[in-house]
2 protein chains.
Amino acid sequence: MQAVIDFQSARRTQSTASLPTASLPNARKFEVTCAACNLREMCLPQGLSGAELQRMENLVYSRRKVKRGEALFRAGDKFAAIYAIRVGFFKTALLHGDGREQVTGFQMPGELLGLDGIGSGAHASNAVALEDCEVCVLPFGLVEEISREIPGLQRHLNSVLSREIVRDHGVMMLLGSMRAEERLAVFLLNLSKRFIRRGWSASDFHLRMTRDEIGSYLGLKLETVSRLFSKFQADGLLEVNQKHVRIADIGGLEKVMGAVH
Amino acid sequence: MQAVIDFQSARRTQSTASLPTASLPNARKFEVTCAACNLREMCLPQGLSGAELQRMENLVYSRRKVKRGEALFRAGDKFAAIYAIRVGFFKTALLHGDGREQVTGFQMPGELLGLDGIGSGAHASNAVALEDCEVCVLPFGLVEEISREIPGLQRHLNSVLSREIVRDHGVMMLLGSMRAEERLAVFLLNLSKRFIRRGWSASDFHLRMTRDEIGSYLGLKLETVSRLFSKFQADGLLEVNQKHVRIADIGGLEKVMGAVH
DNA sequence: CGTAATTTTGACTCCGCTCAATTGGCGTGG
DNA sequence: CCACGCCAATTGAGCGGAGTCAAAATTACG
């Protein structure tokens, strides 16, 4: 809701600006600047002033479309840029020597991808599109350069990295000390919260990932995930129809999350 | 907390002075500068030049001793500084509503603590000393400031944050898709590798943490950890005596780690 | 429209947990 | 110095939650 309102006002502001969009070269006509992007408040430019935002425009080097099932990058790829998701869902995953895959996260519009490559110069994980996606390509050399000019950007980059660490610790807690039901409840409530920020329904949504991928993320087998969905439905917490989920009883789910047994 | 503020003003005064370290008051005589610290190559100043190292000295503006069992910081504490461990081992842990604790890591000399506070302004976890410890206090405002002057420091800070994310993903893989034996093998081999970097024995060491803490970190119960130690000993992989461990067969441990079953 | 992929459900198994008792190590105080 | 108490670690017995294997149902996609 909030995001929608911001988006609209931003558009209006821009259309009354001295340099209307229509006068820009055609190539850019359908492209959205950071300043006009409805995702900016949850993306890298979060909290920047107008002038700083303008400087940021130079950061978005290009946009890239990634088809469902394709990889934005793969483990071992040379690290050159981080990516801001504009459209679509991704999963990131590590693969262990043998076939085993560990999904390390699901990312949605406004979130950043590729941070795992900063430290070593090569990506550590695969980022695969769960549906047709579009990302902004932010060459990391530029990010560093502009960070030096805009302390707010520097601070925010640090924040994003730090928050990713905190998020990962939360997942470690989930994997290390929660039972299967709790894990799924936490997962669903987390999705719900992130959907709200994007102005989408908190309780009615479409899972872009398979049971297997959810299971991998939660340290469970797909059969267990499927059984839990059925159980939650039987308990009146959810209505599940394949990938479509409706949370029928948020409070109930939260109780499952908190329940020691 | 009060001490931090006092120190900050003291530091500013000092940083404006152009006096060489040698002329500083005796209080500093027994203190080790970054340039002279044997941990510098695995700590924040990694890869910095001599001149940059000198600038870094201003960063460490106090040292702090933490007794075994005491907390360096606790979840919820205001975030003001990051810490570089000079002496001793720490654990970091999250605690869940009820009594449940999830150990998120074990840190040793040369490693940084407190990165989890950058994003939110408050620490997310507890950092508790597993033995008598000493840390360098690096006020984060100063870190940011000096980062702007020394791009190498900025780059390295980003690297450290990114590598922490990659490390956490490794733990997620461990918790999400490895069996108990593999987890303990990975844990021991990881410790061994980090000990080597510090010039300690790769195969003969003293665990500073309890079976319960190891279990929490690995998503296992202490009894399971204890049983695994006994089993590894029976299999000729280890010699275990309470907290003292000798790895008798590194190759064997690596095979346990890789084994699908 | 047909084939492959995904999901659901059941039956059974087993790894790691729970509960419980015992041993061992270590610091404290008599 | 030893005795005591406390905490950590070990070990056993039995259980249960999630995994495995298998088959059927449903859906997605070329």
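Side-chain atoms are counted along with the backbone in the values below, which use heavy atoms only and exclude waters and symmetry mates. Residue numbers begin at 1 in each chain, while the letters A, B, ... track the order of the sequences.
- Distance alone, capped at 3.5 Å, is enough to place a donor-acceptor pair between the R208(B) side chain and the H206(B) backbone.
- The base of dC15(C) lies outside donor-acceptor range of the side chain of E181(B), with no N or O pair under 3.5 Å.
- OP1 or OP2 of dA28(D) has not a single side-chain nitrogen or oxygen of K243(A) nearer than 4.0 Å.
- Across all strands shown, G219(A) has heavy atoms under 4.0 Å from sugar-phosphate atoms exclusively, and none from any base.
- Using a 4.0 Å heavy-atom distance criterion, R68(A) is classed as a sugar-phosphate-only contact.
- L218(A) has its CG atom 12 Å from the P atom of dA18(D), to the nearest Å.
- In this structure, S226(B) does not reach the dT11(D) phosphate: none of its side-chain N or O atoms is under 4.0 Å from OP1 or OP2.
- Within the 4.0 Å cut-off from OP1 or OP2 of dC17(C), at least one side-chain nitrogen or oxygen of T224(B) is found.
- Contact between the side-chain N/O atoms of R227(B) and the OP1/OP2 oxygens of dG16(C) is not found at any separation under 4.0 Å.
- Per the geometry, CZ belonging to F229(A) stands 9 Å off P belonging to dT7(C), to the nearest Å.
- At least one side-chain nitrogen or oxygen of K221(B) sits closer than 4.0 Å to the OP1 or OP2 atom of dT18(C).
- Along DNA chain D, the nucleotide closest to L228(A) and the one closest to Q242(A) are compared, and the more 5′ of them pairs with L228(A).
- When heavy atoms are screened at a 4.0 angstrom cut-off, L220(A) is found touching the sugar-phosphate backbone but no base atom.
- Side-chain contact check for S125(B) and T104(B): no donor-acceptor pair (N or O, by modelled atom type) lies under 3.5 Å.
- Closest to the side chain of V240(B), out of dC15(C), dT20(D), dT10(D), is dT10(D).
- The pair R100(B)-E182(A) counts as a salt bridge, with a side-chain nitrogen and a carboxylate oxygen less than 4.0 angstrom apart.
- For the pairing with D168(A), the side-chain contact (heavy atoms from CB on, under 4.5 Å) check across R167(B), H169(B), E164(B) returns one residue only, H169(B).
- Closest to the S230(B) side chain, of the nucleotides dT9(C), dG16(C), dT10(D), is dT10(D).
- Rounded to whole Å, atom P of dT6(C) lies 15 Å from atom CG of L207(A).
- In this structure, R211(A) contributes its side chain and Q242(A) its backbone to a donor-acceptor pair below 3.5 Å.
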